[in-house]
Amino acid sequence: PAIFIGPLKRSFGKIAFTVTFSCDITQKGYEKKRSKLLGAYLPHPPGKSPNSQLSFRGSQSAPPMAPSASRYHRRRSSGTRDERYRSDVHTEAVQAALAKHKERKMAVPMPSKRRSLVVQTSMDAYTPPDTSSGSEEEGGQGEGTPTSSQGSVSMEHWISRAIHQGSTTSSSSSSTQSGGSGAAGRLADVLAQTHVDSLVCVFIGSFRKFDSCLNDNICFFPGLCVLLCINTCVSSLGVPVSSRVSAKIQQLVNTLKQPRRPPLREFFVDDFEELLEVQQPDPNQPRPEGAQMVTIRGEPLGVVTNWPPSLEAALQRWGTISPKAPCLTTMDTNGKPLYVLTYGKLWSRSIKVAYNILHKLGTKQEPMVRPGDRVALVFPNNDPAAFMVTFYGCLLAEVVPVPIEVPLTRKDAGSQQIGFLLGSCGVTVALTSDACHKGLPKGPTGEIPQFKGWPKLLWFVTESKHLSKPPRDWFPHIKDANNDTAYIEYKTCKDGSVLGVTVTRIALLTHCQALTQSCGYTEAEIIVNVLDFKKDVGLWHGILTSVMNMMHVISIPYSLMKVNPLSWIQKVCQYKAKVACVKSRDMHWALVAHRDQRDINLSSLRMLVVADGSNPWSISSCDAFLNVFQSKGLRPEVICPCASSTEALTVAIRRPTDDSNQPPGRGVLSMQGLSHGVIRVDSEERLSVLTVQDVGTVMPGALMCVVKAEGVPQLCRTDEIGELCVCSIATGMSYYGLSGMTKNTFEVFPMSSSGAPISEYPFTRTGLLGFIGPGGLVFVSGKMDGLMVVSGRRHNADDIVATALAVEPMKFVYRGRIAVFSVTVLHDERIVVVAEQRPDSTEEDSFQWMSRVLQAIDSIHNVGVFCLALVPANTLPKTPLGGIHLSETKQLFLEGSLHPCNVLMCPHTCVTNLPKPRQKQPGLSIGPASVMVGNLVSGKRIAQASGRDLGQIEDNDQFLFLSEVFSLTCLQLHKRAEKIATMLMERGHLQDGDHVALVYPPGIDLIAAFYGCLYAGCVPITVRPPHPQNIATTLPTVKMIVEVSRSACVMTSQVISKLLKSKEASAAVDVRTWPPVLDTDDLPKKKPPQLYKPSNPDTLAYLDFSVSTTGMLAGVKMSHTATSAFCRSIKLQCELYPSREVAICLDPYCGLGFVLWCLCSVYSGHQSILIPPSELEVNPALWLLAVSQFRVRDTFCSYSVMELCAKGLGLQTESLKSRGLDLSRVRTCVVVAEERPRIALTQSFSKLFKDLGLHPRAVSTSFGCRVNLAICLQGTSGPDPTTVYVDMRALRHDRVRLVERGSPHSLPLMESGKILPGVRIIIANPETKGPLGDSHLGEIWVHCAHNGSGYFTVYGDEALQSDHFNSHLSFGDTQTVWARTGYLGFLRRTELTDASGERHDALYVSIMECAVFPWTNLLVVVVELEGSEQEALDLVPLVTNAVLEEHYLIVGVVVVVDIGVIPINSRGEKQRMHLRDGFLADQLDPIYVAYNM
C-alpha cells in the first residue's frame, strides 16, 4: 500500500486561516439571522392588499408637496447628492428607519488600517473637486450636482486639509513599517503569486467535538468536511486575550450567535442544488391574483397625405423648398449661438458627404465603402451640426452609420467592447469632424494609434472644406423607405458587452411618424434638445423627427449645462420654444441653479419630454420642477414622461393635452410586493414604498403586452410586474450579426396561460419592467438590466441607489456617485454597493455612513448588502458623459483592481444557502452485528492494508542495541562517543536514565553526542539551537523543550554555549534557570570504564520533541525496540546495504529526519552524505551538486529545501548543466513530511530539473506523524506513486468518489509512498471507533513495532489522551492495539501490483494537522500581500468570495499583512500559534484588518 496525503492548495500569497466556531456556522436561517443582527430595526411585515387597482390622483388635486425653492438654495450650498434619486417621501422613510437605531450602535468593529495606508488614501482622495466630471448617461449610475462652492476652494486649502487630516488619523498600529505588496490583479494573477511553502489543505468538520483530541492538537470533527483550497494559515484563537483586536472579534462574535438549523432529510445527493440549502419560498408571500392581461393597442397611425415616403425625401423637400429655414442652432459654452444650420445647407452638404464617401475613399475600381457597408461616426457632444450632416450623408449614400463616443484615451472604460462592435460590423472607415480629429490621441509620429480592441480604421474628416464637389450630373438615389438597415445604435449590456441594434429605413420612418402624431409636431416648431443627439430620445427627436417636420432644433451642449444649468430654460424663453427634450437631472439642475430669476416665462412650452421618465425616481424631479415653475407659466399637463429602449425605440409617451379628463396616473407601490413581482397599492405613510408615474399610452400603430420576466414569454396577470413587449414596425430589427440573441429579443411570441401564442406577429422585448394600469396607462418600475434577483426576490439597482443616497449625511457621497450591481457567489446573486466618498471624509465618517446604509437598505428593501466599498473621489470609471461606467466598475471589483479605501462585507447576513449539515449515510460504517467473512463485511472490503512482513531475525543478527552496532562500524565516531560518555559521567555526574538536551547545529557532533548519551545510559533529546539573529523568538522554544523534557544537563558546542550566556540571550531567558551546560569542544582523553547496556529492550532510547504549527509541544517516547524496528523497516524498504550512498538534506531534530540523519546509516552500514538545509540559503545548488558529484541514487529532502531549489535555481538550469550537474542517476528523491503531498511543488520541481536528467517518477513523498514517525515511504521497488482526483462534495459527506482530472469540484490527491514493512493500517470511524469500508473517509489508525510508546509530556494541550497510542476497535479485531494518527484519509485498492505480485493498496491522507481551530465562530484569514499597500483592500472581497465558492465557509476576519509576516518553521509549515498570538497581541502591524459582518 502507499499513502496519499490530502490535497494541495491554490495560493494567494500566503494565507492563514483561523477558524473559530462555537456552533455550526452553516446553520443560519435567513430570518433568524436577521432577527439577531437587525431585529431592532426591521419593519413589520407589510400588509398584503389583494387589491390590484392603482390609486390615481388626477391633476385636479395638487401634486404632492415638493420642496420649496428656498429649500433648494439651502440644499445646493450643502451638497452633492444625486437628485435623480431624490424623493422627500423616500428620504423621510429612510430617516425614520434609521431613527430606530439612534441609540443602538452597529455591533461591528471598525476595520483597522495601517497609518501609512490611511494617510496615503486620504492624500489620494484630496484631489481638487472635479468640475469636469459629468452626469449619468446610458450605462451609468451617475452624477449629482456640481456645486459652485466646491469649485472655488483653493488648491492650497485642499492640500493643507489633506496633510492635516493625515497627521491625525488613528491606526491599528503606530508602526509604519511597510513591506512589499503586489498587484492583486485578476484572481488568476493573485493565485499565481504563490508561496508554495505555505500551501495546506484541510477538511473542516461540522462541529460536534468528539471526546478525544488526535495527533498533537487536531480536534477531529466528524462532520461536514470542507476543503480549504487557498494557501492558508490557521490560527487557533482559543484564548481570549485582552487587546483591541481580540475585543473586536469578541464583539463581532456576539452579534453572530447562530440558531441551530432544523433537521434535514437523511440521504445525501451529489448535485449542488441538493448540497446547498435552497431558500424555501415564504408561504405568506404575496402572489398575483388578477385576471390574465389583454394586449393593449395604440391608436391607429394616421396616414397624413403630405408625409414623405422616406426621411431622405423629406430632407430633399425642405432643402429645395425652404433652403433658408433654420434646421439646427448650436451653442457655445457661453450660451451664445455658435452656428445656424439651414435646411438648404444640410441638404447640399449631405450630398457632398455622400458623394465623397462613395467615390473618394479607395480607388475607382476598388472603393473602400459601398452602399450597405457600415461606417463609424465619431463626433463630440458639442458639434451636432457636423454629426447631422454626416448622418444624412450616410443615409443618402445608403451607407449604414454606427454612431459611437469619441475615444479620449487608449484605455477608455468600455472602449474595448466598442471596438469589438466595430470589428463585428466590419467597419473600416471612421467619419469625424476636423476639431475632433485634431483632439484624438496621437502616436509619436502623429498618426492616430489603434485603440485597444478596435479594428484598423481610416479616419476621414467630413467637413465641407475638406471634400470634393460632386459633379453636376451626380445625384443621390432617393428611394422609398424599405427594409434595408438605416443605422445601427450601440447598446451596452449589463455585462459590459456592446451590441449593435439595427434600425431599418421603414422602422425609422414609421417611428418618426408615430412621434409626430403622438407629440403633435408641426412645421417650423422650435424644439430645445439637451439630450445626447447621437442616440436614443435625443437622436429620434432632435435629428430625425425634426427634419421630417422641418422643425428648428436648439441644441444645448453638455459642456454648457455644466457651466450654466439654467441655459436650457433661458433658451426656451428666448426662442419661445414649444417643446424641450430633457432628463430629470436637467430639471433638477435648473431647480438648484435658479435664483428666483424674474425673466423666466415657460408659457410657450406645450410639451416637456422627460426622456428618463420611466425611471421611477424621476417623479420627484418632475413634481419639484412643476412646483417651482408653475408660477412661471409652466402648465402641469406639459410634463410628458416617456419610456424608451434601444431595442424598441419609443415604447410609450404621455401626450401633451389640454384635456384634463385624463389626469396623469400615479401609484404608490409596496416594495415588498414588487420584490415578489406583484403590484400592491400601499399608503405613502409606509416606509418601503415606490411611487411610480405613468409614461402615457402605447405608441400609435403598436401593440403592447407584459410577459413574465423569467422563463417562457407568458402573459402576466393584471397585478403582476413583467417585461413590456411591443409589436410595431417602429422597433429595432436585430442585434447585428447575433442571430441567437436576436431571436430571444426581437422575435418573441407571447403566450396565453393555455400556451397558445397571442399573435402571429413577433414582439420585441423592451428591457423595461412594469405593468399596464387602468385606462391603458403604462407604468415602468425598473429596467431588466438593473434587476438583481437575491434569494428569489427581485430588487432594482436604482431603488438601492436611492436609499443609499437618502442616508445622512447625504453629502458624504461625492456628487452622488454610487454604483450598485450584483455578483454571483455560491449560486446566488449578492448585492455590491460602491460609492465615491468625499475627499474630506474621515475613517469614522466612512464607517458610520456604511453602517447606516446597511441598516437603511435592510429596513427599506428587506435585503442584505454583501459588500459595501468606498473609493476615493473621481476614481470610478466614467461613461463618455461622466456617469459611472457600471460594468467596468463591476469588472474592476471582480478582478481585485478597484482599490477601495474602505470595505465592509456582510457575508454572515447575506449568505443563507450554505450546505446542509453533513448527513449520516445508511450503511457507511460497519456495525458490530455484521458477520465478518475474511476481509469482507456485508459486501464491503474493510479499509485495511499492511506493508510486507519484517521477517524473522536471523541467528547471527541477534537483537542489537544501537550502541553495540555502533562500535562495529565507524571507529572515529565510536571513540568520540566514548569520550562524550566519560564527560557525562565525570563532569555531569549523570545517572542511568537521566535526560540530556543536545543543542547542536546539524553535523557530526550531534551524532557523536547522541551515541555518547546512549553509551552513558542517558536519554538524549535533540533540540534545534537558537538562531543567532533571532534569539528573542527562538531561545524561549529551546528553554521550553529543556524544561518540559526534564533534562538534567544541556550538551552543546562552545559557540552555542557562549550564545546561551550572551546579553541578548539573558534578555529573553534568565541565564540562572538553565541546567548545567557542557560544551563538547574540549573532551577528556580517557575511555569510560564500561559502556551501558540496557537490561530491557523496552526502555527508553530517546525522546522525539517537536512543536506543532499550533504551538503544542509534545515529546514522544521511543524505546530501543521501536528504534531498532524502525531502522530495519527503512533498511528493507530502501534496500540500504553497506555499499549504498544516500544524500540527506533534512533538519535532524525530530521525526524521520532525525532517524535518517543519526540512526539509519549506523544500523545499515551505508554511507550518508549529510547536507545541513541552512547551507542552501547561501548556496542553493549545494544539495543537487552533492547528489550529482557523489552519483547518489537515493536522496531525502524537505519541502522547504525543494522550494529553495525551485526558487533559487529555476532560472539557472542551463548554467548548472554546463557545470556538469547531472541528476540522471537519482532513483528516488523522497520529500520527508508530516502532511499530505504538495502536488504543485513536487511537479514544478520535477519539471524544472527534467533538463538536468531528473526522472519525473523519481520524486515522491513520505508520510509520518507524531504517533508513528514514518508510515509510508516510497521504496526502491513497487509501483510509481499515482495521483487521483476526488469529488470534494462527496468528501464533505465522508465518501470518496473518484472523478476525472479537470472535473468541477475535483481535488488532486497524490499517493505518499508505500506503506513500510511491518506497518498495518486501518481506516476507522473516529466517533464509533469501528472499522470502515474501502473508499470511505475516516481516521488513519496504525499498528506497528515502531510506533511511539506514548507522550512523555504534552505542553499546550493537557487534554491529549493515552488512547492516541493504544486504541482498540469497538468491534471486529478488538485485540490489536492501534495508534491514532489524527489524520483523515482513505484506502483504495489499485490495479497496480507491487514487487511481491500482490495488489497495491494506496492510502490517501486528506487532512493536514492544525489547520482548523474551534474558537467561538469566526474564520480568520491572514493574507500576505506582495505589491502596493493600496491593493490591500482589494483582497478582502476576493478572499471572502473564493473561500465561499470553493469551501462553503464564511470568512469572519481578513487580515492583510506584509510578506514574511506569517511565521514559517524549518519544515516549511506555518506557525499558526505565533501568528495567532501576534494577531491577538496586535503585533503583526497589519496593512488592513477587515471584520466581515
Side-chain angles (χ1 to χ4, degrees), residues 134 315 318-319 322-350 353 379-392 406 432-436 438-439 462-465 521-534 537-539 541-547 549-583 586-587 589-590 593-594 597-609 632 881:
L315 174 58
W318 306 128
S322 312
K324 295 272 192 294
C327 170
L328 177 75
T329 300
T330 61
M331 298 288 160
D332 64 13
T333 44
N334 299 318
K336 300 232 170 3
L338 186 65
Y339 181 75
V340 178
L341 180 69
T342 63
Y343 276 94
K345 284 266 189 275
L346 175 59
W347 170 239
S348 60
R349 289 183 186 174
S350 300
V353 168
F379 289 87
N381 289 318
N382 58 4
D383 196 355
F387 173 83
M388 196 168 191
V389 167
T390 309
F391 189 91
Y392 279 101
V406 178
T432 186
S433 68
D434 207 12
C436 181
K438 285 178 178 150
T462 58
E463 243 138 284
S464 217
K465 58 184 181 192
Y521 285 145
T522 55
E523 284 179 25
E525 265 193 320
I526 295 177
I527 174 170
V528 171
N529 182 28
V530 192
L531 306 172
D532 181 1
F533 51 80
K534 296 192 293 296
V537 182
L539 173 70
H541 288 257
I543 301 286
L544 306 176
T545 310
S546 60
V547 168
N549 295 291
M550 202 190 84
M551 293 162 71
H552 179 192
V553 179
I554 314 294
S555 190
I556 311 284
Y558 183 57
S559 47
L560 172 57
M561 284 294 289
K562 284 163 82 168
V563 180
N564 176 10
L566 264 182
S567 53
W568 71 270
I569 289 186
Q570 291 162 353
K571 294 303 165 225
V572 168
C573 302
Q574 182 184 335
Y575 286 92
K576 303 266 186 295
K578 295 284 187 71
V579 181
C581 294
V582 297
K583 283 200 167 185
D586 307 316
M587 299 164 80
W589 280 15
H594 107 280
Q597 290 197 352
R598 293 202 174 82
D599 54 350
I600 291 178
N601 180 359
L602 298 180
S603 58
S604 67
L605 269 184
R606 66 174 186 82
M607 185 175 196
L608 180 58
V609 178
K632 317 273 187 189
L881 287 184

Item to complete: Verify side-chain contact (heavy atoms from CB on, under 4.5 Å) between C436 and D383, making sure each step is shown before the conclusion.
Response: CA-CA 9 Å; C436 181; D383 196 355; over 6 Å; no
Worksheet item: Only one of V530, N529, I554 clears side-chain contact (heavy atoms from CB on, under 4.5 Å) with W568; which?
Response: V530
Practice prompt. Apply the test side-chain contact (heavy atoms from CB on, under 4.5 Å) to residues I527 and T545: give CA-CA distance (whole Å), side-chain angles for both, the deciding distance (0.1 Å), then the verdict.
Written response: CA-CA 11 Å; I527 174 170; T545 310; over 6 Å; no
Worksheet item: CG/D332 to CG/L560 distance, rounded to the nearest 0.5 angstrom?
Response: 7.5 Å
Worksheet item: Is there side-chain contact between T462 and F379, with heavy atoms separated by less than 4.5 Å?
Response: yes
Worksheet item: Atom OH of Y558 and atom CG of N382: how far apart are they, to the nearest 0.5 Å?
Response: 13.0 Å
Practice prompt. Report yes if some heavy atom in the side chain of K465 is under 4.5 Å from a heavy atom in the side chain of D434; otherwise report no.
Written response: yes
Practice prompt. Answer yes or no: is there a donor N or O on one side and an acceptor on the other, between the side chain of W318 and the main chain of V547, under 3.5 Å?
Written response: yes
Response to the item:
Looking only at heavy atoms, the pair that brings P380 and F533 closest together is O-CZ, 3.4 Å
Item to complete: Would you indicate whether the side-chain heavy atoms of T329 and S555 approach each other to under 4.5 Å?
Response: no
Item to complete: Nearest 0.5 Å please: distance from the SG atom of C327 over to the CE atom of M388.
Response: 3.5 Å
Fill in: A577 to V528 - nearest heavy-atom pair and separation
CB-CG2, 3.7 Å
Item to complete: Take K578 and T522 through the test side-chain contact (heavy atoms from CB on, under 4.5 Å) and record every step on the way to the result.
Response: CA-CA 10 Å; K578 295 284 187 71; T522 55; 5.9 Å; no
Discussion item. Any non-hydrogen side-chain atom of V572 less than 4.5 Å from a side-chain atom of S604?
Written reply: yes
Worksheet entry | Close side-chain approach of T342 and K324, heavy atoms under 4.5 Å | no
Discussion item. Any non-hydrogen side-chain atom of L544 less than 4.5 Å from a side-chain atom of L539?
Written reply: yes
Item to complete: Could you pull out the closest heavy-atom pair between Y343 and S322, with the gap in Å?
Response: CB-O, 3.7 Å
Worksheet item: At what distance, to the nearest 0.5 angstrom, does CD1 of I569 lie from CG of D599?
Response: 11.0 Å
Worksheet item: Does the side chain of D586 come within less than 4.5 Å of M561's, by heavy atoms?
Response: yes
Worksheet item: Does the N601 side chain pair with the main chain of S603, one donor and one acceptor, at a distance under 3.5 Å?
Response: yes
Fill in: Under 3.5 Å donor-acceptor, Y392 side chain and I543 backbone
yes
Worksheet item: Going from CG on L602 to NZ on K632, what distance comes out if it is rounded to the nearest 0.5 angstrom?
Response: 9.0 Å
Worksheet item: Does the side chain of S567 come within less than 4.5 Å of M331's, by heavy atoms?
Response: no
Discussion item. Between Y339 and L328 (side chain of the first, backbone of the second, donor and acceptor by atom type, cut-off under 3.5 Å), is there such a pair?
Written reply: no
Discussion item. Nearest 0.5 angstrom please: C581 SG to M607 CE, how far?
Written reply: 7.5 Å
Item to complete: Fit a plane to each ring of H541 and Y521, take the angle between them on a 0 to 90° scale, and name the class: parallel (under 30°), tilted (30 to 60°) or perpendicular (over 60°).
Response: perpendicular
Worksheet entry | Nearest atoms (heavy-atom pairs only) where G319 meets W347 | CA-CB, 3.8 Å
Worksheet item: For V389 and L341, what are the C-alpha separation, side-chain angles and deciding distance, and is it a side-chain contact (heavy atoms from CB on, under 4.5 Å)?
Response: CA-CA 9 Å; V389 167; L341 180 69; 4.2 Å; yes
Worksheet item: Does a donor on one side chain and an acceptor on the other come within less than 3.5 Å for N381 and K534?
Response: yes
